[in-house]
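For reference, the structure discussed in these notes is given below.
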Amino acid sequence: MQKNLVIVESPAKAKTIEKFLGKDFKVMSSYGHIRDLKKKDFSIDIANGFQPIYEVPADKKKLVEELKKQASDSDIVWLASDEDREGEAIAWHLYEVLGLNPEHTKRIVFHEITKNAILHAIETPRDIDLNLVNAQQARRILDRIVGFELSPVLWRKVKPALSAGRVQSVAVRLIVEREREIQAFTPEAAYRVIGIFIVTAANGDKSELKAELNKRFKTKEEAEAFLNSCKSTDFVIEDIQTRPGKKSPAAPFTTSTLQQEAARKLGYSVSQTMSVAQKLYENGHITYMRTDSVNLSDLAINTAKEEIFSTMGERYWKYRQFQTKAKGAQEAHEAIRPTDLKKEKVEGTAQEKKLYELIWKRTIASQMADAELEKTTATIGLATTSEKFVAVGEVLKFDGFLRVYLESSDDESESSDSGLLPPMKVGEVLNMKNITATERFTQRPARYSEASLVRKLEELGIGRPSTYAPTITTVQNREYVEKGDKEGTERSFTVLTLSKDKIKEQTKTEITGADKAKLFPTNIGVVVNDYLTENFPNILNYSFTADVEKEFDSIAEGDLNWVQALDKFYGPFHTTVETSLAAKQERKVGERLLGNDPKTGKPVSVKIGRFGPMVQIGSNEDEEKPQFASLMKGISMEEMTLEQALKHFELPRTLGEYENETITVAVGRFGPYVKFGKLFVSLPKGANPMETTLDEAIELIEAKKKQEAEKFIKKFDEEPELEVLNGRFGPYIAYSGSNYKIPKGTDPKVLTLDECMTIIKDQPAKKTTARKTKAVKEPKATKEPKAAKESKVAKTAKEPKATKTTKATKTTKK
DNA sequence: CAGTGAGCGAGCTTCCGCTTGACTT
């Protein structure tokens with residue numbers, strides 16, 4: 001029997017801490033929350049003071065049993081979950097579920113995993129802060145209310161199985177609105193003028209000086225007039241200014257900034273970054289990767305100092321403490337940094353090595369000196385006009401942190417290739433080599449990437465480090481948003497060049513508006529967003545989260561009763577939900593009438609059907625059943641024309657004959673496909689079924705046939721139900737509806753039936769279909785007795801040490 | 001997965017934040 005049991009949230013943390021604490025302490029992990037609102041059902045008793053109905057999820061039952069056992073075998077249980085709202089709630093749920101004895105339970109917190117921090121925590125235990133717990137319960141309950149009342153409205157009004165929520169719906173809104181801004185954007189042209197001048201040094205050496213005019217011209221005529229005025233005039237250096245400048249390093253990584261930089265510098269998706277970081281964390285290489293703090297421990301700052309002193313010298317070091325700017329940051333952890341800054345590299349996969357290096361550099365750079373610059377500006381005047389040419393040169397005097405790391409930026413603005421300016425003096429007359437006026441266009445707003453969407457959400461205080469990646473995944477899974485590429489369009493522009501007193505006009509072309517791996521709203525995303533913003537503007541408001549966070553803060557401070565806060569929100573919200581459900585609109589949400597079919601005269605419309613966007617000829621009231629067709633990918637419902645809609649009814653299209661079978665092309669449940677006899681082949685991504693040719697179809701069919709042939713490896717006469725097949729994840733055995741992995745290093749071709757049967761016996765069967773097995777109807781569970789819980793809550797507060805806790809007890813008891 | 005789609009209608013879907021593995025045909 002051990003004396004002490006410490007419970008933390010993460011197993012990796014548990015392992016580290018156990019080392020610090022010695023053999024009198026056993027350290028276990030709760031793996032996050034151990035109890036939550038019941039997964040099914042609403043599970044909030046609104047009428048009874050928003051009483052939550054909690055359950056231990058099935059996959060946590062075993063863990064909870066083990067924790068219970070260990071707790072009862074210990075003298076003291078130390079609840080050491082994070083020091084934020086969620087962490088406090090985890091401690092409280094543990095206390096409740098494990099049935100801990102208040103006399104033998106202590107709550108401790110620490111922000112950094114160092115021996116000193118932990119020993120200090122042990123010396124200064126406190127009680128569970130019920131105000132903070134109540135703030136978490138309010139947060140949890142509010143999210144459940146919003147999600148579980150809003151989603152069914154969408155099922156009814158738009159399409160089944162859709163979802164809405166405080167975080168995801170705003171994420172979708174950002175993307176829809178950005179797309180609208182892009183659509184509404186009209187580029188404006190202006191002529192940018194650049195002159196190349198020759199500077200002659202005292203020794204006769206010549207060098208070129210590039211300078212830009214301090215004015216842009218709206219029209220070609222104006223630009224031309226300016227160039228004409230440059231034909232016979234002197235260019236004189238009127239002024240040379242030299243100013244010192246400096247650059248400072250960025251703060252150490254948080255989850256959000258790590259995701260952004262890994263995307264820009266390494267090309268990782270947000271979820272990729274998180275899983276690589278998770279590995280680094282588990283291997284003890286970095287601190288916790290889900291954090292909103294930019295804080296570094298004293299230990300880390302000192303190690304960085306030593307490292308910089310020894311490898312680069314004292315001049316490169318500067319002590320820095322960064323302030324967290326993110327709205328609603330809870331700072332339960334440190335910034336993301338290497339656990340040992342002396343290690344510049346670690347072992348691991350290529351991805352892990354690269355991400356570690358990035359984290360190491362960013363952390364070291366954050367404790368380094370500013371880079372010092374010298375910026376020189378030369379102004380060149382001409383007699384004929386008041387405009388000036390300006391040449392800018394920038395020289396790095398001291399590299400400082402730039403020696404290690406420079407943060408990337410999202411906008412790929414025109415590169416300013418400013419270097420050192422040639423030696424010149426005021427009054428010097430320059431020879432002009434040429435002057436060009438180039439037509440340039442203003443840039444449309446940029447589409448969001450996964451990482452830039454995360455940055456925006458963080459800026460708005462929406463979502464938490466642990467949910468950024470899952471949120472990005474959710475909005476894509478729900479098919480509100482798609483990650484994709486967009487080909488640019490060609491645009492021509494005019495270049496006027498003045499050289500040797502002659503003006504030459506050229507027309508050049510450039511590609512504009514191309515995008516890679518950016519987020520686009522889908523038709524469903526647009527329709528759902530418009531419906532929600534119109535009917536639930538309050539929830540969809542960008543400041544909704546920030547506003548409720550203020551309330552949660554008041555609850556945590558003990559200044560606001562959580563039930564009253566929820567009540568204030570729920571009344572108006574629920575009324576809006578009811579009226580929205582009752583509202584009978586003329587048309588289905590998102591439906592647009594496009595005109596009439598020239599053949600039949602029937603109305604043609606586009607709307608969201610049960611299976612997604614579709615076009616329809618005829619109306620449901622007609623005697624005759626309307627014709628339907630799924631919308632082809634990449635066509636926007638908002639911009640669709642009658643002509644485009646009618647095109648959908650040209651499918652299925654017969655392409656021709658091949659090996660005595662007809663080949664047709666059509667759009668189905670899983671997108672466009674080619675049909676050849678009984679064989680279905682999906683068209684490749686982005687292909688247009690209207691343009692598919694017979695040859696392309698035959699190619700696809702042959703490829704599919706080949707794949708089918710390769711799929712089959714072997715079969716046994718004695719057991720027709722068993723097949724050895726080749727799948728996406730390598731060879732496997734299919735046997736009576738289940739699949740079995742073949743152990744690594746086994747050649748599937750030489751497997752005998754006996755060997756196959758052994759593999760099958762040793763592995764649990766996996767269902768071939770992802771389809772959930774029909775849930776057996778459980779008898780309605782009797783409502784959890786909540787009275788018992790209540791009394792425990794009161795006990796947790798351990799006699800009124802602070803007035804805060806007493807107040808909280810009252811509110812919970814209500 | 002399978003290449004549809006109202007109509008009769010039961011029963012299903014859904015949230016955000018804490019945490020990891022298990023596992024994909």
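Letters A, B, ... mirror the listed sequences (proteins, then strands); counts begin at 1.
The distance from atom CD of A:Gln627 to atom P of B:dT4 is 13 Å, rounded to the nearest whole Å. Remark: P of B:dG17 and CG of A:Leu37 are 14 Å apart, rounded to the nearest angstrom. The nearest whole Å value for the distance from the CH2 atom in A:Trp92 to the P atom in B:dC18 is 17 Å. At whole-Å resolution of the value, CD in A:Gln136 and C1' in B:dC16 are 10 Å apart. Computed from coordinates, the A:His93 NE2 to B:dC16 P distance equals 18 Å when rounded to whole Å. For the pair A:Leu162 CG and B:dT13 P, the interatomic distance rounds to 14 Å; values are reported in whole Å. Whole-Å rounding puts the A:Met632 CE to B:dG3 C1' distance at 15 Å.
Taking the six-membered ring where the residue is Trp, A:His93 and A:Tyr54 present perpendicular rings, their angle passing 60° and hence far from 30°. A:Phe536 and A:Phe573 have tilted rings, their planes meeting at an angle from 30° to 60° on a 0 to 90° scale. A:Phe544 and A:Phe569 have tilted rings, their planes meeting at an angle from 30° to 60° on a 0 to 90° scale.
Toward the 5′ end of DNA chain B lies the nearest nucleotide of A:Phe42, the other residue of the pair A:Phe42 and A:Lys60 mapping further downstream.
Closest to the side chain of A:Arg290, out of B:dG17, B:dT19, B:dT4, is B:dT19. Closest contact between the side chain of A:Asp143 and the listed nucleotides B:dT20, B:dC16, B:dG5 involves B:dC16. Of the candidate nucleotides B:dT20, B:dT14, B:dT13, B:dT20 has the atom nearest to the side chain of A:Tyr281.
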Mind listing the N/O atom pairs, protein and nucleotides 6-9 of chain B, below 3.5 Å?
residue: B:dA6; atom: OP1; partner: A:Arg610; partner atom: NH2; Å: 2.9

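Note that A:Arg144 lies in the cation-pi zone of A:Phe148, set by a 6.0 Å cut-off to the ring centre and a 45° limit from the axis. A cation-pi contact links A:Arg35 to A:Trp92, judged by a cut-off of 6.0 Å to the six-membered ring centre and 45° from its axis.
Looking at heavy-atom distances under 4.0 Å, A:Ala91 makes no contact with the nucleic acid at all. Counting any heavy atom pair closer than 4.0 Å across all strands shown, A:Ser10 reaches sugar-phosphate atoms only and no base atom.
Remark: ring of A:Phe148 overlaps the six-membered base ring of B:dT14 in a stacked fashion, centroids less than 5.5 Å apart, planes less than 30° apart.
Inter-residue side-chain proximity for A:Lys157 and A:Ser580 is flagged as unmet; no heavy-atom pair is nearer than 4.5 Å.
Taking only distance into account, the side chain of A:Ser630 meets the base of B:dG5 through a donor-acceptor pair shorter than 3.5 Å. The base of B:dC16 has none of its N or O atoms less than 3.5 Å from a complementary donor or acceptor on the side chain of A:Arg144.
Side-chain nitrogen and oxygen atoms of A:Arg464 include at least one within less than 4.0 Å of the OP1 or OP2 phosphate oxygen of B:dC18.
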